[in-house]
Amino acid sequence: MLYGRTTLSKCIIEEQRKLEGGAELIALVNDIQTACKYIASAVARGALTGARGSTGATNVQGEDVKPLDTIANDIMLASCEWGGYLAGMASEEMEAPYAIPARYPRGRYLLVFDPLDGSSNLDVNVTVGTIFSVLRAPDGVVDPRPEHFLQPGTAQVCAGYALYGPAAMIVITLGTGTHGFTLDPEIGAYILTHPNLTIAPDAHEFAVNASNMRFWEPPVRRYVDECLAGRTGVRGKDFNMRWIASLVAEVHRILMRGGLFMYPKDTKDPAKPGRLRLLYEANPVAMLIEQAGGAASTGRGRILDVAPGALHQRVPVVLGSRDEVARLERYHAEFDRGEVEFRSPLFNERSLFGAAHAAN
Ligand code: MN
Ligand code: MN
């Protein structure tokens with residue numbers, strides 16, 4: 001048994017000595033990590049709790065079974081509402097912000113979270129996570145309204161995710177690098193195992209939901225076609241493709257070994273400018289990726305600079321190795337300027353998905 005290892009609590013205290021913010025932020029992160037331990041435990045019990053079915057099911061004790069998304073949301077609220085550090089919370093699971101109950105003191109931070117990211121993967125026992133972002137409440141605000149949460153990602157004082165995979169982890173940043181902690185189940189503490197994560201600038205791995213290919217914009221098709229062409233194409237090297245369909249797991253892979261992840265804008269549902277949510281998905285992961293030397297973009301600008309217009313706003317996401325993200329931004333810019341008349345080889349006359357099909 002090793003003593004004196006760096007726990008998450010110790011690391012946050014040391015980081016805070018370098019920053020202003022102090023005890024309240026340390027205590028808030030402690031409450032968040034407690035919540036993540038509860039959620040890790042609930043998720044790890046899997047089908048044993050009967051909790052993965054949809055609402056309306058009953059468990060063996062005849063109690064109503066809540067979906068794990070709702071359980072995780074309740075855990076975050078209960079773990080973080082009491083401490084006096086928060087003025088309010090907002091979550092993917094709640095249409096409006098959550099008001100801190102009157103019996104508790106109010107604090108100066110706002111917590112925004114996705115309590116269970118990738119929850120459609122629960123049934124197949126694939127990695128899921130919790131994503132969180134800490135903002136400052138505007139001065140004098142004790143009962144925040146939705147507009148008080150509408151701050152750009154650059155305003156985040158802390159961002160991170162908990163990952164519930166083969167090992168449970170928390171990856172977090174206070175703006176001084178991105179650091180990974182692994183839950184040691186023997187002592188119930190997150191231990192610093194991945195200090196100062198760094199993403200290599202180039203990559204040979206990309207992740208995208210290719211079933212949406214026909215809805216993509218030309219710059220995204222161009223990028224993916226070039227990756228698929230591999231050594232024989234303009235990139236001159238072969239690429240691997242990955243797709244887990246769980247943002248936390250995708251971002252974690254990129255923090256561990258680089259690559260590019262994107263959920264770009266598409267024309268599938270013109271009402272939605274992207275798939276991922278800005279405040280509690282894109283912004284926190286963008287801060288983690290940037291703090292590790294990577295880049296996070298909408299394809300047309302830095303995610304952290306997007307001015308939010310609504311609590312549950314969606315945004316296109318392109319993130320990971322910075323040279324790859326820069327290449328995608330360049331392709332978008334060239335397309336927007338009308339410089340490139342791009343036609344995908346996959347959609348040409350005699351191609352796989354082109355006119356040859358119609359002839360059959
Ligand atoms: Mn999610
Ligand atoms: Mn979720």
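The first residue in the sequence is number 1, and the count goes up from there. Numbering of ligands and ligand atoms starts at 1, following listing order.
- Vertex the Mn ion (ligand 1); arms to D114 atom OD2 and E281 atom OE2; angle 90° (nearest 10°).
- With respect to R5 and D184, a salt bridge is recorded, a charged nitrogen being found less than 4.0 Å from a carboxylate O.
- Here the Mn ion (ligand 2) is the vertex; the O atom in L116 and the OE1 atom in E92 give an angle of 170° (to 10°).
- Not one N/O/S atom of D69, from backbone or side chain, sits under 2.8 Å from the Mn ion (ligand 2).
- Summary: OD1 is the N/O/S atom of D117 found nearest to the Mn ion (ligand 1).
- Taking 4.0 Å as the cut-off between side-chain N and carboxylate O, R235 and E324 count as a salt-bridged pair.
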*Report the C-alpha separation of V306 and T298 in whole Å, then their side-chain angles, then the decisive distance to 0.1 Å, and conclude whether the side chain to side chain contact (heavy atoms under 4.5 Å, CB included) test is met.*
CA-CA 9 Å; V306 174; T298 63; 3.9 Å; yes

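- A salt bridge is absent between R221 and E217; no separation between the charged side-chain nitrogens and carboxylate oxygens falls under 4.0 Å.
- At a threshold of 2.8 Å, the Mn ion (ligand 2) has no backbone or side-chain N, O or S atom of G118 nearer than that distance.
- With salt bridges taken as basic N to acidic carboxylate O contacts below 4.0 Å, none links D114 and R277.
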